[in-house]
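A short worksheet on the structure shown next.
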Amino acid sequence: MKTINVNIVTPDGPVYESDVEMVSTKAASGELGILPGHIPMVAPLQIGAVRLKNGGKTDLVAVSGGFIEVKPEKVTILAQSAEQSEEIDVERAKGAKLRAEERLHQQKRENIDFRRAELALQRAMNRINVSERHF
Ligand code: ATP
């Protein structure tokens, strides 16, 4: 089986490196599936999961936006933050989700940053879903 080398890196350092058979994730323009030999491209990513298939197993990484760069034999994902599913602290993500929900509810009464709270909520829900492997 042909493979493609994948690196997921953040400002804090590398998070994931492996040779895999297929990479799939959500680009800003929609679902993206990449096999070895894919044409070169660069695309912005949404807050979401990166699924990495190899043999019988699929690794899951939660990413918070960023960019994907594809070359025929190499995929590089540059993300603001990224965590492998087994490294996610679910209690922390649940706490972040609650805080974001409270801020969104307060929004009607106070002039708070709605978009910022909405993105924090998306990051928290994505981490919870990835850690529970809901992808
Ligand atoms: P929090 O309010 O819990 O800090 P956040 O969405 O604001 O959540 P980020 O700014 O996206 O956090 O991330 C800051 C750093 O903490 C990053 O290195 C990220 O990988 C890590 N991180 C955030 N939440 C979790 C989590 N639930 N489990 C593991 N690492 C996390």
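When a ligand or atom number is given, it counts from 1 through the structure's own listing order. Since the structure is predicted, the reported quantities are computational estimates derived from the model, not experimental observations.
- Remark: ligand 1 atoms within the under-4.0 Å shell around heavy atoms of Glu87 are 29 (C).
- Looking from atom 17 (C) of ligand 1 to the surrounding protein, the closest heavy atom is Ser81 CB, 3.9 Å.
- Using modelled atom types, one side-chain atom of Thr10 and one backbone atom of Asp12 make a donor-acceptor pair closer than 3.5 Å.
- Remark: Glu86 engages Gln84 in a side-chain contact (heavy atoms from CB on, under 4.5 Å) (not counting sequence neighbours).
- Ion pairing between a basic and an acidic side chain is recognised when a charged N comes within 4.0 Å of a carboxylate O; Arg115 and Asp113 show no such pairing.
- When only non-hydrogen protein atoms are considered, atom 2 (O) of ligand 1 lies nearest to Arg99 NH2, 2.8 Å.
- Atom 27 (N) of ligand 1 has Asp89 O, 2.9 Å as its closest protein atom, hydrogens excluded (heavy atom only).
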Tell me, with the steps shown, if Asn7 and Ile77 meet side-chain contact (heavy atoms from CB on, under 4.5 Å). CA-CA 6 Å; Asn7 271 283; Ile77 291 174; over 6 Å; no
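- With respect to atom 13 (O) of ligand 1, the closest heavy atom belonging to the protein is Arg127 NH2, 3.8 Å.
- Residue, atom and distance of the protein heavy atom nearest to atom 6 (O) of ligand 1 are Arg123 NE, 2.6 Å.
- A heavy-atom distance below 4.5 Å is found between the side chains of Asn5 and Glu17.
- Closest protein heavy atom to atom 15 (C) of ligand 1: Arg92 NH2, 4.0 Å.
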Verify side-chain contact (heavy atoms from CB on, under 4.5 Å) between Val75 and His38, making sure each step is shown before the conclusion. CA-CA 10 Å; Val75 172; His38 196 286; over 6 Å; no
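- For atom 10 (O) of ligand 1, no protein heavy-atom neighbour is present inside the 4.0 Å cut-off.
- In this structure, the protein non-hydrogen atom closest to atom 18 (O) of ligand 1 is Asp12 OD2, 3.4 Å.
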Evaluate the criterion side-chain contact (heavy atoms from CB on, under 4.5 Å) for residue pair Ser64 and Arg127; output intermediate values, then yes/no. CA-CA 9 Å; Ser64 300; Arg127 287 178 176 127; 3.8 Å; yes
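- In terms of protein heavy-atom proximity, atom 30 (N) of ligand 1 is nearest to Glu83 CG, 3.7 Å.
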